[in-house]
Amino acid sequence: MRSGMVRMRGKSDKGRRWQQEIELELARLLVQEHAAVIVNRHTIRRLFTNREFKHFILERDHYTCHFCGGYGDTIDHLLPRAKGGHTTPLNCVCACNACNQSKADRDLEDFMSSVVAPHK
Ligand SMILES: [Zn+2]
């Protein structure tokens, strides 16, 4: 194991076990946000499969788009993955298709200022 890295174990949606090395910082976030538990000094276990994670976020947000308040059934990263955002509970929100598409990889601040631009 490389230093600064932690082994993360989990299960796929089909029940297959997997493991991968992740950065300590991400491991810490996942544990803090109750998305993973500590197994031992070098290993954490992710508590959700991808499908379960999506379901968890949508239920938590009541299938309501974080941006426009409409019905949403997709997941969006507040800080885009392209900019170093991770798939953790705090960084993920429910979004509708339209907002998800229009936000793409712009960051939240750009996006929000375009949404709330005053009418002329
Ligand atoms: Zn929306």
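For ligands, and for the atoms within them, numbers begin at 1 and follow the listed sequence. Predicted model only: the values in this text are computed from it and were never measured.
Sorted pairs that involve residues 49-59 and meet salt bridge (charged side-chain N to carboxylate O under 4.0 Å, His left out), not counting sequence neighbours, are lacking altogether. For residues 24-44, the salt bridge (charged side-chain N to carboxylate O under 4.0 Å, His left out) pairs, not counting sequence neighbours, are Glu25-Arg28. Residue pairs meeting the salt bridge (charged side-chain N to carboxylate O under 4.0 Å, His left out) criterion with at least one partner in residues 86-96, sequence neighbours excluded, do not occur; the list is empty.
Excluding waters, the set of protein N/O/S atoms under 2.8 Å from the Zn ion (ligand 1) reads Cys65 SG, Cys68 SG, Cys96 SG, Cys99 SG.
The closest side-chain donor-acceptor pair between Asn40 and Thr43 falls under 3.5 angstrom.
Taking 4.5 Å as the limit, every side-chain heavy atom of Val93 sits out of range of all side-chain heavy atoms of Ile75. Within the 4.5 Å cutoff, side-chain heavy atoms of Val31 are placed close to those of Ile44.
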